[in-house]
Amino acid sequence: TLLWLISLIVLSGIWRAFLPLKSTTWWPYAILIITSVGFQEGLRIFLWRAYKRLEDILDAFAERVSKPRLFLTDKMQIALAGGLGHGVAHAVFFCLSLLTPAFGPATFFIDRCSKMPFFLVSALIALAFVTIHTFSMVIAFNGYAEQNKVDQVFVPVVHMVAALMTVVNFASEGCLVGIPLLYFMASLTLMHCGKMVWRRLTEN
């Protein structure tokens, strides 16, 4: 979680130089999203390489003390924990800026999404991304381990598409379209992860 929080703070520091962005223009936000997702996906590869080195060290230690190496389920749980850390960091960073208006006396609405409370919309978006990030890490780590190009490509594509879907919220009542689309991507990620895990467990 700390690693992902630091990465988001670094990104926000870089983009601080370009603020404030015009709230009526969507394309600067699209560029921000693309660069942020690209940075995070690069960090995911770095995290995999660091984890792989740690796994080799643990396996070597296990052999020296006559203990079993890491099982497939152990590796998947490690990936799941890493993904949950990514999701929680994203949710914390996303919702931290909402603390000030949250202490107001009433439910808060915005003009572009007048049908749903702002805090409910924010919570739903955060939950969708927690789900996507959590299970994407399992898919990505398996893809790197198996050299599976489909899984390696699936994760950054889903991340990028889901992130760009939030731009729909700039349209009037766009949240009514954007949130279901986000949950479609979250469901797609969950199903893909479930199929992959089932296949790997039955093979082993």
Side-chain angles (χ1 to χ4, degrees), residues 1-41 43-44 80-137 155-193:
T1 303
L2 181 61
L3 178 65
W4 295 109
L5 276 174
I6 291 171
S7 73
L8 291 170
I9 291 169
V10 169
L11 281 170
S12 65
I14 294 170
W15 274 96
R16 180 73 178 173
F18 301 95
L19 295 179
L21 299 176
K22 291 183 179 180
S23 59
T24 55
T25 309
W26 64 269
W27 65 264
Y29 292 93
I31 295 173
L32 187 153
I33 287 169
I34 291 168
T35 55
S36 298
V37 170
F39 182 84
Q40 289 185 56
E41 290 304 323
L43 185 60
R44 193 194 303 276
L80 190 68
L84 182 60
H86 187 188
V88 169
H90 184 276
V92 168
F93 198 82
F94 181 73
C95 294
L96 201 61
S97 61
L98 306 180
L99 288 178
T100 302
F103 289 107
T107 302
F108 186 61
F109 289 86
I110 58 174
D111 294 336
R112 289 181 178 172
C113 190
S114 59
K115 301 290 193 299
M116 296 175 66
F118 176 65
F119 299 116
L120 176 61
V121 172
S122 301
L124 290 172
I125 291 173
L127 178 60
F129 275 104
V130 168
T131 305
I132 290 169
H133 289 319
T134 300
F135 296 101
S136 286
M137 193 70 78
V155 170
V157 167
V158 165
H159 190 183
M160 184 68 75
V161 171
L164 288 173
M165 280 178 178
T166 60
V167 179
V168 176
N169 294 322
F170 280 94
S172 179
E173 306 301 337
C175 60
L176 300 178
V177 177
I179 290 177
L181 288 175
L182 268 181
Y183 275 87
F184 170 77
M185 297 304 295
S187 301
L188 185 66
T189 306
L190 186 57
M191 287 189 294
H192 187 84
C193 183

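Owing to the predicted nature of the structure, the values given are computational and were not obtained by experimental measurement.
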Side-chain donor-acceptor pairs of residues 157-169 under 3.5 Å, sequence neighbours excluded:
from: His159; atom 1: ND1; to: Glu41; atom 2: OE2; distance (Å): 2.6
from: Thr166; atom 1: OG1; to: Ala163; atom 2: O; distance (Å): 2.5
from: Asn169; atom 1: ND2; to: Thr166; atom 2: O; distance (Å): 3.1

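Taking CZ of Phe118 as the reference point, atom SG of Cys113 lies at 9.5 Å (rounded to 0.5 Å). Atom CG of Leu120 is separated from atom SG of Cys175 by 9.0 Å, given to the nearest 0.5 angstrom. Between Thr134 atom OG1 and Leu84 atom CG the span is 4.5 Å, to the nearest 0.5 Å. In this structure, the separation between OG1 on Thr131 and OH on Tyr183 is 6.5 Å, given to the nearest 0.5 Å. Here CG of Leu188 is found 9.0 Å from CD1 of Ile132. Values are rounded to the nearest 0.5 Å. The distance from atom CD1 of Ile110 to atom CE of Met116, rounded to the nearest 0.5 Å, is 10.5 Å.
Shown here are the side-chain contact (heavy atoms from CB on, under 4.5 Å) partners of Phe184, two or more places apart in sequence or in another chain: there are none. For Phe135, there are no ring pair (Phe, Tyr, Trp, His ring centres under 6.0 Å) partners, not counting sequence neighbours. Take Ser187 and apply the side chain to side chain donor-acceptor pair (under 3.5 Å) test, not counting sequence neighbours, and it matches no residue. With sequence neighbours excluded, no residue forms a side chain to side chain donor-acceptor pair (under 3.5 Å) with His90.
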Set out, in order, the CA-CA distance, both residues' side-chain angles and the distance that settles side-chain hydrogen bond (donor to acceptor under 3.5 Å, both in side chains) for Glu173 and Ser114, then state yes or no. CA-CA 7 Å; Glu173 306 301 337; Ser114 59; 2.6 Å; yes
Stepwise side chain to side chain contact (heavy atoms under 4.5 Å, CB included) check, His86 with Ser136: CA-CA 10 Å; His86 187 188; Ser136 286; over 6 Å; no
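Applying the side-chain hydrogen bond (donor to acceptor under 3.5 Å, both in side chains) definition to pairs two or more places apart or across chains, none involves residues 117-128.
Distance alone, capped at 3.5 Å, is enough to place a donor-acceptor pair between the Thr35 side chain and the Leu32 backbone. Looking at Tyr29, its side chain never comes within 3.5 Å of a backbone N or O of Phe170 through a donor-acceptor pair.
Between Arg44 and Val155 the shortest side-chain heavy-atom distance falls below 4.5 Å.
Phe94 approaches Ala126 most closely through the heavy-atom pair CD2-CB, 4.1 Å.
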